[in-house]
Participant: 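I'd like to ask some things about the structure below.
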Protein chains: 2
Amino acid sequence: MGLAKTEIFNQQQNEIASLAKALGHPARIAILQHLFKINACVCGDLVEEIGLAQATISQHLKELKQIGLIKGNVEGTSVCYCIDKEKWSKMKGLLSEFLNLDLRNSTCC
Amino acid sequence: MGLAKTEIFNQQQNEIASLAKALGHPARIAILQHLFKINACVCGDLVEEIGLAQATISQHLKELKQIGLIKGNVEGTSVCYCIDKEKWSKMKGLLSEFLNLDLRNSTCC
DNA sequence: AAACTTGATCGTATTATCACGATTAATTAG
DNA sequence: CTAATTAATCGTGATAATACGATCAAGTTT
């Protein structure tokens, strides 16, 4: 079906999965890293910085915007993107909680 | 094309993205959480625990196995799965490093 | 107003993902 | 040996994701 059965999972599981999915492409990792590096806002330099077509970058930016990890402000003819700090912190919390599940108990294999 | 251009990104970016992609489905989150909860190995109870067909669960397990997050040991007619602690720790390191990029500098929007 | 710049969106081709029934392979039980 | 159990794999259908050229909309320049 290509369609995940989200209804049989709880909200936390779906949220973690959605966030992870948004991070599941190297271009989006590169975009986020660049937004952190250039700590002022960055516009379409991303197209040059990363070697993908403008339409493709725009598509990746849209995904990141949809999940809320970045915000875009129109500035004249260009658009300025930046990390949404609040959302980033929330994501960090959710993912960290998941990643920090206790390994000590797993005593097998 | 449906095919990510991994060659234009560095190894770290590709690794983070691959791991995130593996976590990008609620069923796989649920599987991992259950493997942590049942700290002994779990076999095909996952099919009952999660409400998906056996073939589907097996497919998700395969993905998790391929990226190395879980290991499977054959035990008679059933298969026992568990978290691969080393790989999990590595993942935790990589993702934490990424998630902990400094937010203080982003002063825009 | 006309030309230019910028970035979103459309259309489309290709490939991947998700899900499941059916089948197969391997082990165990009788 | 036969039947049953378990899980992987095959085949398939439906949908999503990736990528890009082309076009469109909006703002800037001249």
Side-chain angles (χ1 to χ4, degrees), chain A residues 1-9 13-14 17-31 34-35 41-67 69-82 109, chain B residues 1-9 13-14 17-32 34-35 41-67 70-82 109:
Chain A
M1 296 174 180
L3 181 57
K5 285 192 160 180
T6 53
E7 70 275 9
I8 67 174
F9 303 102
Q13 290 165 336
N14 282 316
S18 294
L19 287 166
K21 199 173 178 183
L23 300 181
H25 193 290
R28 293 194 286 273
I29 298 296
I31 288 172
H34 197 249
L35 288 181
C41 283
V42 171
C43 329
D45 322 280
L46 287 163
V47 177
E48 286 183 30
E49 184 68 21
I50 303 169
L52 291 171
Q54 184 264 321
T56 308
I57 296 290
S58 197
Q59 220 170 16
H60 284 304
L61 287 170
K62 192 180 175 186
E63 279 185 68
L64 291 172
K65 218 184 335 178
Q66 271 174 348
I67 203 150
L69 284 176
I70 63 175
K71 292 184 286 186
N73 277 40
V74 180
E75 286 189 356
T77 150
S78 59
V79 177
C80 172
Y81 284 101
C82 64
C109 302
Chain B
M1 297 176 178
L3 181 58
K5 283 193 159 180
T6 53
E7 70 276 9
I8 67 174
F9 303 102
Q13 290 164 336
N14 282 315
S18 293
L19 287 166
K21 198 174 179 183
L23 300 181
H25 192 290
R28 293 194 287 273
I29 298 296
I31 288 172
L32 292 168
H34 197 249
L35 288 182
C41 284
V42 171
C43 331
D45 322 280
L46 288 162
V47 176
E48 284 184 32
E49 184 68 21
I50 303 167
L52 291 171
Q54 183 264 321
T56 308
I57 295 291
S58 198
Q59 218 170 19
H60 284 304
L61 287 170
K62 191 180 174 186
E63 280 184 70
L64 291 172
K65 217 182 338 178
Q66 269 174 349
I67 203 152
I70 64 175
K71 293 184 285 187
N73 276 40
V74 180
E75 286 190 357
T77 148
S78 60
V79 178
C80 171
Y81 284 101
C82 64
C109 300

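Only this structure's heavy atoms are used, side chains among them; waters, hydrogens and symmetry mates stay out. Reminder, nothing fancy here: chain letters follow the sequence lines and each chain counts from 1.
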Participant: Does A:T56 put a side-chain nitrogen or oxygen below 4.0 Å from OP1 or OP2 of D:dC20?
Facilitator: yes
Participant: Touch check for A:I57, heavy atoms < 4.0 angstrom, all strands: base, sugar-phosphate only, or nothing?
Facilitator: nothing
Participant: Whole Å only: how far is the CD atom of A:E63 from the P atom of C:dT9?
Facilitator: 13 Å
Participant: Nearest to the B:L61 side chain among C:dG7, D:dA19, D:dA8, which nucleotide is it?
Facilitator: D:dA8
Participant: Figure out the NZ/P separation between A:K62 and D:dA17, and round it to whole Å.
Facilitator: 11 Å
Participant: Could you tell me whether A:A53 contacts a base, only the sugar-phosphate backbone, or nothing, with contacts defined as non-hydrogen atoms closer than 4.0 Å?
Facilitator: sugar-phosphate
Participant: Report the distance from atom CD of A:Q66 to atom P of D:dA16, rounded to the nearest whole Å.
Facilitator: 13 Å
Participant: Check every strand shown and say whether A:S58 touches a base, only sugar-phosphate, or nothing at a heavy-atom separation below 4.0 Å.
Facilitator: base
Participant: Take A:A55 and A:T77, find for each the nucleotide of DNA chain C with the closest heavy atom, and name the residue whose nucleotide sits nearer the 5' end.
Facilitator: A:T77
Participant: B:Y81 and B:L35: which non-hydrogen atoms are nearest, and at how many Å?
Facilitator: O-CD2, 3.5 Å
Participant: List the atom of A:A30, the atom of A:I50, and the distance in Å for their closest heavy-atom pair.
Facilitator: CB-CD1, 4.0 Å
Participant: Is the shortest side-chain N/O distance from A:Y81 to OP1 or OP2 of C:dT6 below 4.0 Å?
Facilitator: no
Participant: Without decimals, in angstroms, what is the distance between A:H25 NE2 and D:dA16 C1'?
Facilitator: 13 Å
Participant: Any side-chain heavy atom of A:H25 sitting closer than 4.5 Å to one from A:H60?
Facilitator: yes
Participant: Figure out the CZ/P separation between A:R28 and D:dA16, and round it to whole Å.
Facilitator: 15 Å
Participant: OP1 or OP2 of D:dA17 versus the side-chain N and O atoms of A:H60: is any pair under 4.0 Å?
Facilitator: no
Participant: Report yes or no: does A:R28 contribute a side-chain atom to a donor-acceptor pair with the main-chain N or O of A:L64 at less than 3.5 Å?
Facilitator: no
Participant: For the pair made of NZ in B:K5 and P in C:dA16, what is the distance, rounded to whole Å?
Facilitator: 15 Å
Participant: To the side chain of A:K65, which of D:dA7, C:dA8, C:dA19 is closest?
Facilitator: C:dA8
Participant: Kindly point out which of D:dA19, C:dT9, C:dT6 is positioned nearest to the side chain of A:Q54?
Facilitator: C:dT9
Participant: Contact class for A:Q59 vs. all strands (heavy atom < 4.0 Å): base, sugar-phosphate, or nothing?
Facilitator: base
Participant: Taking the side chain from A:N14 and the backbone from A:T6, do they hold a donor-acceptor pair closer than 3.5 Å?
Facilitator: yes
Participant: Are A:K21 and D:dA16 close enough that a side-chain N or O sits under 4.0 Å from OP1 or OP2?
Facilitator: no
Participant: To the nearest Å, how far apart are B:L64 CG and C:dT17 P?
Facilitator: 13 Å
Participant: Can you measure A:N73 atom CG to C:dA8 atom C1' for me and round it to whole angstrom units?
Facilitator: 16 Å
